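In what follows, residues are counted from 1 in the order of the sequence shown. These figures come from a predicted structure and were not determined experimentally.
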Amino acid sequence: MKEEYNFTLTLPLPDIDEALHILAEAQVNNPQMRLSRKPDRQEKARFYLCFPFAGTRTDLRFKEWFEVRNKKKWELFGPNYGVWGFT
């Protein structure tokens, strides 16, 4: 199994286009990041962002990077430790 650190990003549905632009930029900066969309809840879009642990924490710079771009104060929950997949 592979270790990872993950975040959940929650934002209003009308902000999806702006969020997708920022998340695309995040993937360019963090090519190892996995991004998936969780089901919408209560008029909110939710995304799941995973950063693999590769001897170092690849997620640490992301939170600071995102906070600079988070002008609308979307909810970023994490990082959380997790395990993904089988080896």
Side-chain angles (χ1 to χ4, degrees):
M1 300 225 236
K2 300 195 184 239
E3 296 176 86
E4 68 181 17
Y5 287 85
N6 54 65
F7 295 87
T8 300
L9 175 62
T10 305
L11 53 114
L13 285 172
D15 292 349
I16 285 181
D17 289 337
E18 187 176 348
L20 289 174
H21 178 73
I22 291 171
L23 293 172
E25 187 180 340
Q27 283 191 300
V28 168
N29 294 337
N30 303 284
Q32 73 282 7
M33 179 183 87
R34 285 187 302 118
L35 174 65
S36 59
R37 178 95 182 261
K38 297 174 96 174
D40 297 344
R41 280 182 44 193
Q42 301 173 349
E43 302 298 315
K44 304 258 180 172
R46 299 183 310 145
F47 294 90
Y48 189 70
L49 298 77
C50 300
F51 295 83
F53 179 76
T56 60
R57 297 272 308 269
T58 59
D59 64 298
L60 291 176
R61 284 181 277 134
F62 170 76
K63 191 167 189 170
E64 293 171 5
W65 177 90
F66 181 79
E67 288 303 321
V68 170
R69 288 153 181 80
N70 189 11
K71 304 294 183 203
K72 295 192 175 183
K73 302 301 178 201
W74 297 327
E75 180 184 336
L76 183 66
F77 182 76
N80 298 303
Y81 174 78
V83 179
W84 181 81
F86 295 99
T87 57

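Here CD1 of I16 is found 5.5 Å from CZ of F47. Values are rounded to the nearest 0.5 Å.
F53 has its side chain out of reach of E4: every pair of non-hydrogen atoms, C-beta onward, lies at least 4.5 Å apart. For the pair K44/E75, no side-chain contact is recorded, criterion being any heavy-atom separation below 4.5 Å from C-beta on. A 4.5 Å side-chain heavy-atom check between K2 and P52 finds every atom pair outside the cut-off. No side-chain heavy atom of F51 sits less than 4.5 Å from a side-chain heavy atom of L60. In this structure the side chain of F7 reaches within 4.5 angstrom of the side chain of F62, judged on heavy atoms. Contact annotation: the side chain of T10 never approaches that of F77 to less than 4.5 Å [non-hydrogen atoms, C-beta and beyond]. Counting only heavy atoms from C-beta outward, the side chains of K72 and L11 never approach each other to under 4.5 Å. At least one side-chain heavy atom of L23 sits less than 4.5 Å from a side-chain heavy atom of L49.
Contact record, Q32 with T58: NE2-CB, 3.4 Å, taken as the closest heavy-atom pair. The two residues R46 and D40 make their nearest non-hydrogen contact at N-OD1, 4.2 Å. Closest non-hydrogen pair, R37 versus A45, comes out as NH2-CB, 3.6 Å. Nearest heavy atoms, W74 versus P12: CD1-CD, 3.8 Å. The nearest pair of heavy atoms linking I22 to R69 is CD1-O, 3.9 Å.
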From CA spacing to verdict: side chain to side chain contact (heavy atoms under 4.5 Å, CB included), L76, E67: CA-CA 9 Å; L76 183 66; E67 288 303 321; 4.2 Å; yes
Worked verdict on W65 versus E25 for side chain to side chain contact (heavy atoms under 4.5 Å, CB included): CA-CA 11 Å; W65 177 90; E25 187 180 340; 3.5 Å; yes
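With hydrogens and angles disregarded, no donor-acceptor distance shorter than 3.5 Å links the side chain of K38 to the backbone of L9. Checked by atom type and distance alone, the side chain of N30 pairs as donor or acceptor with a backbone atom of A26 at under 3.5 Å.
Between K71 and E18 there is no salt bridge, since no side-chain nitrogen of the basic residue lies less than 4.0 Å from a carboxylate oxygen of the acidic one.
Under a cut-off of 6.0 angstrom, the local environment of CD in Q42 is sparse, with at most 12 non-hydrogen atoms contributed by other residues, nucleotides or ligands. The environment of CZ in R57 is crowded: more than 12 heavy-atom neighbours from other residues, nucleotides or ligands sit within 6.0 Å.
Side-chain heavy atoms closer than 4.5 Å link hydrophobic residues (I, L, V, M, F, W, Y) into clusters, and following such links, even through other members, never connects Y48 to M33.
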